[in-house]
Asker: 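Below you'll find the structure I mean.
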Amino acid sequence: MDTATARQAFAEELRYVAHVRSDRVVAAFATVPRERFLGAPPWQVFDFADGYWQVPEDDPSAACHNVLFAIDAARELNNGHPEFWARLLDRLDIRAGDKVFHVGAGLGYYTCIMAELAGADGAVVAVEIDPALAERARANLASRANVQVIAADGALLDPGPVDVIVVNAGATQPMPVWLAALLPGGRLLLPMTAEGGLGTVFRIERLATPHAFAAAAVSGVRIFPCSGARSAPAARLLARALADGGQRFVRSLRLDSHAREDTCWLHGDGYCLSTRP
């Protein structure tokens, strides 16, 4: 099977395994050549039971499988699971013309998927804290006129007003700079993880009412930490909330000052994920 055919079949499989409802998301995965974002072969695949194993053939179509490929096996840093990201990008609804801020670009594969969704009239600013990875991502994305790659801490960088923020690493709390950057109707995809990388991904949307945000849990997650968006006290609060469960009942992100109450799922310092609509 040639690579283009394999990529199309890969994208169609994601439609089913990730319950992708958007034809645009399927088309983006069918268009972007994942093999160009994995480094030089031979490639390594990560398996949760067996660890890393080497792809036996120097075949570009090997990239067209729903598996995790290593970026840096020594650090257990991987390319990202296609099924996981297809599901999340489908729920995020990146539209043509959107301005997207991507925190944790890695080698740029999912940045490129987002650029495909945003289209020529949109733009993606991708931030990677590791300078070596940022340089490789910049090279991988050089042909994309609507992408800018910056080597920086995405938890601190102000991207300006944006429609979408995708955080590709685990935070312990929503960062004020991210919330402030969202335009009305803007969406933030935020993995929130305790120590060890396990947690929940929340979709947070800025509403037209000032300082009002809807929030919902959209997936479980195990992911690399977002070093600039973590604190030990916030991690302890989050670990307790995750252990108690109930994140599926979260409906809003509150930024107003209030005492902890029964509707507070995660009551942090200046933020609260609440079951209140």
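What you see below is based on every heavy atom in this structure, not just the backbone, and it leaves out hydrogens, waters and symmetry mates. Just so it is clear, the model here is predicted, and its values are computed rather than measured.
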Asker: Rounded to the nearest 0.5 Å, how far does CE of Met114 lie from CD of Glu116?
Answerer: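 The distance works out to 13.0 Å.
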Asker: Say whether, by atom type as modelled, one donor and one acceptor occur between the side chain of Arg87 and the main chain of Val17 under 3.5 angstrom.
Answerer: yes
Asker: If you define the side chain from C-beta out and look only at heavy atoms, does anything of Phe29 sit under 4.5 Å from Arg15?
Answerer: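 Side-chain contact under 4.5 Å: no.
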Asker: Is any side-chain heavy atom of Leu141 closer than 4.5 Å to one of Thr111?
Answerer: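 Of all side-chain heavy-atom pairs linking Leu141 with Thr111, at least one is under 4.5 Å.
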Asker: Decide yes or no for Cys64 and Arg34: does some side-chain heavy atom of the first lie under 4.5 Å from some side-chain heavy atom of the second?
Answerer: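 Sidechains of Arg34 and Cys64: no contact.
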Asker: Ignoring hydrogens, what is the shortest heavy-atom contact between Ala126 and Ala105? Give both atom names and the distance.
Answerer: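 Looking at all heavy atoms of both residues, the shortest contact is CB-CB, 3.8 Å.
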Asker: Do the side chains of Trp178 and Leu190 get nearer than 4.5 Å, heavy atoms only?
Answerer: yes
Asker: Using 4.0 Å as the upper bound for N to carboxylate O, is an ion pair formed by Arg7 and Glu35?
Answerer: yes
Asker: Which pair of heavy atoms, one from Asn79 and one from Phe37, lies closest together, and at what distance?
Answerer: ND2-O, 4.0 Å
Asker: Run Phe69 and Gln44 through side chain to side chain contact (heavy atoms under 4.5 Å, CB included) and show every step you take.
Answerer: CA-CA 6 Å; Phe69 283 93; Gln44 289 182 291; over 6 Å; no
Asker: Walk me through it: do Val32 and Arg144 pass the test side chain to side chain contact (heavy atoms under 4.5 Å, CB included)?
Answerer: CA-CA 11 Å; Val32 174; Arg144 291 277 169 170; 4.2 Å; yes
Asker: Quick one: closest heavy-atom pair of Leu189 and Pro191, and the distance?
Answerer: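 Minimum heavy-atom separation between Leu189 and Pro191: O-CD, 3.7 Å.
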Asker: Taking atom CG of Leu117 and atom CZ of Arg95, what is their separation to the nearest 0.5 Å?
Answerer: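 Here the rounded value is 12.0 Å.
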Asker: Between the side chains of His81 and Asn66, is a donor N or O closer than 3.5 angstrom to an acceptor N or O?
Answerer: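 On atom types as modelled, these side chains qualify, holding a pair under 3.5 Å.
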Asker: Do the non-hydrogen side-chain atoms of Leu253 and Tyr271 ever get within less than 4.5 Å of each other?
Answerer: yes
Asker: Taking the basic N atoms (NZ, or NE/NH1/NH2) and the acidic carboxylate oxygens, is any pair closer than 4.0 Å for Lys99 and Asp163?
Answerer: no
Asker: Does either side chain, that of Arg230 or that of Thr193, offer a donor lying less than 3.5 Å from an acceptor on the other one?
Answerer: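 On atom types as modelled, these side chains qualify, holding a pair under 3.5 Å.
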Asker: Of the non-hydrogen atoms in Cys264 and Ala259, which two are nearest, and what is the gap between them?
Answerer: SG-O, 4.4 Å
Asker: Taking all non-hydrogen atoms of both residues into account, name the closest pair between Gly106 and Glu128 and its distance.
Answerer: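 Here Gly106 and Glu128 meet closest at N-OE1, 2.8 Å.
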Asker: Heavy atoms only: give me the nearest Thr172-Ala234 pair and the separation to one decimal.
Answerer: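 Reported closest heavy-atom pair: OG1-CB, 3.6 Å.
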Asker: Between Tyr52 and Val45, is there a side-chain heavy-atom distance shorter than 4.5 Å?
Answerer: no
Asker: Between Asp93 and Arg24, is the closest basic N to carboxylate O distance under 4.0 Å?
Answerer: no
Asker: Measure up the His267 and His258 rings against each other and bin them: parallel (under 30°), tilted (30 to 60°), perpendicular (over 60°).
Answerer: perpendicular
Asker: Rounded to the nearest 0.5 Å, what separation is found between the OG atom of Ser219 and the CZ atom of Phe84?
Answerer: 4.5 Å
Asker: Can you tell me how far the CG atom of Leu133 sits from the CZ atom of Arg75, to the nearest 0.5 Å?
Answerer: 5.5 Å
